[in-house]
2 protein chains.
Amino acid sequence: MVSLLKSEMSNRRKLPVEVTHEVRDNCYCLHLQRAARATARRYDDALRPLGLTSGQFSLLMSLNRVEPPTMGDVASLLAMDRTTLTANLKPLERRGLVELAVDPEDRRSRRLSLTEAGRAQLITALPVWRRTQKETESVVPDSHAERLRADLTALGGGPTPPKSPR
Amino acid sequence: MVSLLKSEMSNRRKLPVEVTHEVRDNCYCLHLQRAARATARRYDDALRPLGLTSGQFSLLMSLNRVEPPTMGDVASLLAMDRTTLTANLKPLERRGLVELAVDPEDRRSRRLSLTEAGRAQLITALPVWRRTQKETESVVPDSHAERLRADLTALGGGPTPPKSPR
DNA sequence: GACCATAATGTTGATATCAACGGTTCAATG
DNA sequence: CATTGAACCGTTGATATCAACATTATGGTC
């Protein structure tokens with residue numbers, strides 16, 4: 001009885017350090033956030049002279065298409081919340097790098113396209129990206145690169161939208 | 001002459017779609033952001049009933065130590081900017097899950113510790129984490145899991161601080 | 001044509017992320 | 001003990017992220 005109570009109290013009040021280590025060493029979410037933050041900093045640092053963040057670079061690049069994509073298309077491609085995309089477009093729109101236009105075929109949709117200035121920015125940024133990409137590659141053993149990207153793609157939820165209902 | 005000019009103009013005004021595909025398929029930053037966003041959503045969805053986000057769970061878990069760590073310790077462990085940690089602690093402090101105390105040994109440092117309520121929250125969240133972790137594991141081929149975590153750790157910049165100078 | 005379910009997007013509020021700047025404390029040097 | 005450089009941290013402003021709610025447009029049904 002007493003020992004049971006004691007163990008119950010202990011269970012309610014403490015969490016063994018071993019469990020913390022288990023989470024710290026294995027949690028996919030934590031590992032991904034760590035790696036994503038550190039890697040974003042690499043690309044951010046490299047792109048800063050151009051006035052672009054890594055996310056802005058990725059977004060601009062995803063707009064370089066023949067057919068201007070819709071918000072939903074891009075949000076899905078980046079595995080990004082739809083409303084996050086709306087927010088991220090604002091600074092780029094303000095700077096005249098991106099344009100939004102109502103789709104005449106379906107007036108609910110907005111078509112996103114690069115402006116001349118946006119394309120120019122991308123072209124300037126490309127060699128910076130190549131250099132940073134190579135630097136980052138050196139952190140990951142060559143033999144792992146392909147598999148790593150495949151695993152990340154799988155975790156990213158594939159090409160399908162992250163959530164249909166919303 | 002004419003063709004040279006044409007090619008120059010073309011280079012300045014357009015970016016081949018193939019380059020876009022090269023970036024989209026290979027960029028470590030983009031792949032990591034995608035995977036990190038999608039995975040955070042998994043854990044966020046699972047933890048929402050408890051009122052915790054994935055980041056808050058990771059942060060609380062990193063505070064479950066014998067010796068209360070300093071801000072710098074934790075920021076380094078999470079590969080997170082120091083000032084981001086300050087911001088992230090505020091809601092947890094408001095809810096009484098975390099306490100900050102000036103280190104008497106070095107009054108520049110703050111020691112972070114869990115409150116009773118914080119530990120209780122962690123204990124409640126643990127089975128949710130285990131379940132979500134297992135779900136996520138099913139997305140990554142078993143044979144890759146160990147290697148994936150190792151690569152992510154390498155990308156995360158190891159246990160050293162992300163930036164010394166600032 | 002009115003009605004309704006669905007689809008695509010916008011808005012608001014809360015948290016997350018980081019650069020730039022500023023304040024305090026420590027430790028070493030003279 | 002005064003100075004000085006470094007270490008640790010907070011604040012501010014800008015962007016990023018997402019849930020909840022609201023708006024507008026489309027397509028189909030009656």
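Each chain gets a letter, A, B and so on, in the order the sequences are listed, and its residues count up from 1. Quick caveat, the model's predicted, so the values are computed rather than measured.
- Remark: A46(B) pairs with V128(B), T132(B) by the side chain to side chain contact (heavy atoms under 4.5 Å, CB included) rule, at least two apart or across chains.
- A heavy atom lying under 4.0 Å from DNA chain C marks the following residues of residues 96-108 of chain B, by number: D106(B), R107(B), R108(B).
- Qualifying side chain to side chain donor-acceptor pair (under 3.5 Å) partners for R131(B), counting only residues two or more places apart in sequence or in other chains: none.
- With sequence neighbours excluded, the residues forming a side chain to side chain contact (heavy atoms under 4.5 Å, CB included) with V139(B) are A154(A), L155(A), R42(B), listed by chain and number.
- Under the side-chain hydrogen bond (donor to acceptor under 3.5 Å, both in side chains) criterion, the residue pairs touching residues 92-101 of chain A are Q56(A)-R95(A), with sequence neighbours excluded.
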When the side chains of residues 25-33 of chain B are checked against the rest of the protein, which donor-acceptor pairs come out under 3.5 Å, sequence neighbours left out?
from   : atom 1 : to      : atom 2 : distance (Å)
N26(B) : ND2    : E22(B)  : O      : 3.0
Y28(B) : OH     : E137(A) : OE2    : 3.1
Y28(B) : OH     : R149(A) : NH1    : 3.4
H31(B) : ND1    : C27(B)  : O      : 3.0
H31(B) : NE2    : T153(A) : OG1    : 3.4
H31(B) : NE2    : D25(B)  : O      : 3.4
Q33(B) : NE2    : A36(A)  : O      : 3.2

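- An OP1 or OP2 oxygen of dC18(D) is reached within less than 4.0 angstrom by no side-chain nitrogen or oxygen of R82(A).
- Between the side chains of S54(B) and D44(B), at least one donor-acceptor pair of N or O atoms lies under 3.5 Å.
- Against DNA chain D, the stretch residues 84-92 of chain B makes heavy-atom approaches under 4.0 Å through T86(B), K90(B).
- Take S109(A) and apply the side chain to side chain donor-acceptor pair (under 3.5 Å) test, not counting sequence neighbours, and it matches no residue.
- The nearest heavy atom of DNA chain C to D44(A) and to R110(A) marks one nucleotide each, and the one closer to the 5' end goes with R110(A).
- A heavy atom lying under 4.0 Å from DNA chain C marks the following residues of residues 51-73 of chain A, by number: T70(A), M71(A), G72(A).
- Remark: T86(B) pairs with M71(B) by the side chain to side chain contact (heavy atoms under 4.5 Å, CB included) rule, at least two apart or across chains.
- For A87(B), there are no side chain to side chain contact (heavy atoms under 4.5 Å, CB included) partners at least two apart in sequence or on another chain.
- Near DNA chain C, defined here as any heavy-atom distance below 4.0 Å, there are no residues from residues 128-137 of chain A.
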